[in-house]
Number of protein chains: 4
Amino acid sequence: MANNNTTEERLLTAFSDLVLKYGYRGTTTKKIADVAGVNESTIFRHFKDKHGILNELVNKYLQDADQAANDFKPIGDIELDLIQGAKIYETFTTTHRSVFLIGLRESYQFPEIADAVRQLQQRFKKILVDKFTEMAESGEISSTVDIKNETDNFVLMIFGNVVLSFAYTDAELYIPSNQFLENNVRLFASHLK
Amino acid sequence: MANNNTTEERLLTAFSDLVLKYGYRGTTTKKIADVAGVNESTIFRHFKDKHGILNELVNKYLQDADQAANDFKPIGDIELDLIQGAKIYETFTTTHRSVFLIGLRESYQFPEIADAVRQLQQRFKKILVDKFTEMAESGEISSTVDIKNETDNFVLMIFGNVVLSFAYTDAELYIPSNQFLENNVRLFASHLK
Amino acid sequence: MANNNTTEERLLTAFSDLVLKYGYRGTTTKKIADVAGVNESTIFRHFKDKHGILNELVNKYLQDADQAANDFKPIGDIELDLIQGAKIYETFTTTHRSVFLIGLRESYQFPEIADAVRQLQQRFKKILVDKFTEMAESGEISSTVDIKNETDNFVLMIFGNVVLSFAYTDAELYIPSNQFLENNVRLFASHLK
Amino acid sequence: MANNNTTEERLLTAFSDLVLKYGYRGTTTKKIADVAGVNESTIFRHFKDKHGILNELVNKYLQDADQAANDFKPIGDIELDLIQGAKIYETFTTTHRSVFLIGLRESYQFPEIADAVRQLQQRFKKILVDKFTEMAESGEISSTVDIKNETDNFVLMIFGNVVLSFAYTDAELYIPSNQFLENNVRLFASHLK
DNA sequence: GATGAATGAGCGTTCATTCAT
DNA sequence: TATGAATGAACGCTCATTCAT
């Protein structure tokens with residue numbers, strides 16, 4: 001038995017962990033059961049089928065996504081706002097790594113997950129664009145700043161780093177969170193002032 | 001019969017196409033055979049096993065990767081150099097979509113492919129950093145430019161856009177090539193002058 | 001369902017029976033399942049793989065072989081001792097027909113089984129030679145008897161009859177057990193007195 | 001190309017050699033073609049099918065078997081006659097090892113070969129029994145000799161040694177030809193005088 | 001006379017899922 | 001609530017055989 005949690009929780013945790021390494025297909029019900037310390041057939045008492053486990057995680061993802069989007073409230077300081085956005089995005093995707101990765105890897109099989117992943121990105125972009133537009137109108141941002149494209153670039157950049165960190169877990173390729181926020185995001189922000 | 005090409009070519013094409021949708025595991029030998037219009041067992045006359053098909057594509061990837069890295073020769077104009085780099089990177093990854101995606105999605109099962117994908121990224125980064133450092137020393141680039149981090153940001157950005165375009169093929173999320181080079185890369189470059 | 005035994009027992013029995021007819025390779029998992037009255041995949045719940053079934057039988061063979069060798073205790077009466085030896089050898093090999101035959105037929109693919117079959121033969125030979133040597137020393141056997149070669153001949157003879165009886169099951173070629181012990185073994189023994 | 005012989009001869013030789021190691025089933029047409037140095041499909045130009053190769057060898061076996069039986073002409077000297085019989089049997093079976101082994105191993109699949117192997121044994125037995133009976137009638141052999149059973153024992157013994165030598169090629173178990181004839185057969189014969 | 005390309009049947013094995021207990 | 005036994009569909013792969021050249 002993996003830990004003291006509910007059987008259902010242990011199954012969800014086992015599934016999440018295994019998906020990181022093996023992907024959805026490679027995460028067999030046998031592996032899940034072994035890691036969770038239960039019988040394979042027990043899975044089907046708690047979830048309709050293998051897909052049902054994923055659905056549960058997707059539901060949590062969607063709830064948290066709303067929360068994260070609501071939590072992201074730019075305050076009008078470009079630097080702090082981009083750092084805040086990057087931080088929330090990174091925290092959220094890390095918390096929901098398995099769903100994020102399935103959305104990335106198996107987007108064709110699970111279009112609804114791919115959609116969910118995309119939507120989050122769009123919402124973050126919109127929040128930033130809206131705020132920056134507002135700031136541009138009030139003169140806080142120079143009118144020469146190309147808000148739309150800069151925001152696109154920013155989102156691509158933080159998405160790129162998250163993908164690198166998840167897809168190649170053991171690699172030196174991605175930039176660790178703190179360093180990324182302090183150096184890279186801050187540097188990016190400096191061009192918008 | 002899918003088209004007039006060699007059986008081997010048809011198999012490679014079928015494999016590549018299916019991998020985009022279904023991933024490596026989901027691309028069954030039966031599907032490959034059906035798409036290529038041959039009997040399933042014919043696959044094994046042309047390739048040692050299923051992995052052998054992938055190996056063939058990886059070999060081509062590695063050859064082309066060398067070529068692409070050699071082709072990327074910055075001329076000392078920041079804007080043109082970044083555009084050139086982004087264009088070559090994008091062209092190369094598009095040509096080798098299937099291998100790139102397998103390296104991204106199934107990095108755990110195929111660490112050598114994940115490595116190959118990573119290496120390309122590092123090589124591009126190094127070429128840029130080397131050139132920009134040289135330009136900074138000769139005064140063509142202001143000494144205030146944070147070459148290392150700017151290059152990181154640039155590479156994350158073009159990587160992010162490539163991943164988006166491949167992973168969510170039918171989505172409106174990624175920025176189409178021409179537009180990306182003209183608007184986003186150019187915009188990014190403008191901050192380095 | 002073939003009979004009331006455990007699924008595992010039914011599988012082992014089915015495998016054993018089929019091996020006599022078809023050999024190891026010819027005994028397909030489908031045939032085994034059909035004869036045992038279970039689904040083919042059920043085999044793999046009970047045994048790691050096809051070889052695992054054989055391993056199980058080989059383990060039993062090895063255990064029984066020790067027992068058989070220990071049970072064979074010549075009492076110093078040549079005739080009775082040869083009959084006893086022949087009887088134990090025949091009973092043992094008959095009980096483990098399938099393993100014996102695989103060791104004989106597929107010795108190249110399963111050298112460890114071939115070894116096991118050989119060893120039994122050597123052990124029986126040694127027990128006889130040791131006893132007869134002891135009897136020769138105590139004068140119970142004439143010193144003119146060529147113990148080593150006579151024993152070789154005896155073992156070849158009983159081995160030959162066992163092989164005939166197993167390999168050509170429906171033939172009239174081999175000599176049935178009782179008759180063999182009463183006539184042939186006894187006749188052979190008569191020359192050693 | 002294996003040697004200068006006819007394609008057909010090379011195929012037959014390749015088949016014979018492979019059968020010793022791998023048995024009939026394990027001797028794939030691909031292996032045969034590789035060893036013979038021809039294309040796999042060439043086999044089917046020379047033989048109807050895989051079984052056809054075996055048939056060819058069986059035909060030769062049957063012709064030679066007649067020859068061997070005719071060659072075996074006991075002269076009335078028990079010792080020399082048994083040695084002669086053992087020698088011819090051994091030579092013949094060695095020459096036709098592959099067929100002999102298939103008859104032994106795959107007797108169920110190829111009953112006609114099993115028959116052929118059995119018949120040879122019966123013919124040898126009959127020749128010996130007939131001669132010894134004749135000798136008994138003429139007083140050359142003591143009337144106390146149990147001709148039938150002694151002959152059975154003798155045939156089992158030489159059969160046993162041949163099987164050992166073929167089935168466990170690399171083993172020290174069987175008794176090498178010369179030694180077998182000089183020691184074992186001679187010893188056996190000594191009891192009949 | 002021989003080849004190379006292709007096939008279809010069948011093999012051992014894995015997997016998500018069901019069912020009786 | 002959970003288990004252990006069993007299943008059927010599918011998978012990657014091998015094999016003897018066919019056919020056009």
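Naming: A, B, ... by sequence-line order, numbering from 1 per chain. Excluded from the calculations below are hydrogen atoms, water molecules and symmetry mates; all remaining heavy atoms, backbone and side chain alike, are included.
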NZ or CZ of C:Lys50 within 45° of C:Tyr24 ring axis and under 6.0 Å: yes

Looking only at non-hydrogen atoms, find the nearest pair between D:Arg105 and D:Leu20 and report the distance. NH2-O, 2.9 Å

Quick one: salt bridge (Lys or Arg N to Asp or Glu O under 4.0 Å) partners of C:Asp49, sequence neighbours excluded? none

Starting from C1' on E:dA5, measure out to NZ on D:Lys30 and report it in whole angstrom. 14 Å

Find the distance between NZ (C:Lys21) and OG (D:Ser107) and round it off to the nearest 0.5 Å. 12.0 Å

When every non-hydrogen atom of D:Leu104 is compared with those of C:Leu104, the smallest separation belongs to CD2-CD2, 4.3 Å

Base, sugar-phosphate, or nothing: which does A:Thr29 touch, judged by heavy atoms less than 4.0 Å apart? base

Reading DNA chain E from 5' onward, which residue's closest nucleotide shows up sooner: B:Val38 or A:Lys31? B:Val38

Whole-Å distance between E:dC15 C1' and A:Ile53 CD1? 14 Å

Expected output check: what is the dot-bracket annotation of DNA chain F, where ( ) and [ ] are pairs inside the strand (brackets for crossing ones), | is paired with another strand, and pairs are Watson-Crick or G-U under 3.5 Å? .||||||||||||||||||||

Whole-Å distance between F:dC15 P and D:Tyr24 OH? 14 Å

Can we say C:Lys60 and C:Asp64 salt-bridge, meaning some charged N sits less than 4.0 Å from an Asp/Glu carboxylate O? no

Let me know the distance between CD of A:Glu40 and P of E:dT17, rounded to the nearest Å. 10 Å

Identify, between C:Thr27 and B:Asn39, the residue whose nearest nucleotide on DNA chain E lies closer to the 5' end. B:Asn39

To the nearest Å, how far apart are D:Arg25 CZ and F:dT14 P? 16 Å

When rounded to whole Å, the CD1 to P distance for the pair C:Ile32 and E:dG10 reads 17 Å

Electrostatic pair C:Asp34:C:Lys31 at N-O distance under 4.0 angstrom: no

Taking all non-hydrogen atoms of both residues into account, name the closest pair between D:Ser16 and D:Leu57 and its distance. OG-CD1, 3.4 Å

Integer-rounded Å distance: E:dG10 C1' and C:Tyr22 OH: 15 Å

Interface residues of residues 41-52 of chain A with DNA chain E (non-hydrogen, below 4.0 angstrom): A:Ser41, A:Phe44, A:Asp49, A:Lys50

Please examine the side chains of B:Leu12 and B:Phe47, heavy atoms only from C-beta on, and report whether any two atoms are closer than 4.5 Å. yes

note: D:Leu11, atom CG; F:dA16, atom C1'; distance rounded to Å ~ 15 Å

May I ask you to evaluate whether B:Thr7 reaches the phosphate of E:dA6, defined as a side-chain N or O under 4.0 Å from OP1 or OP2? yes

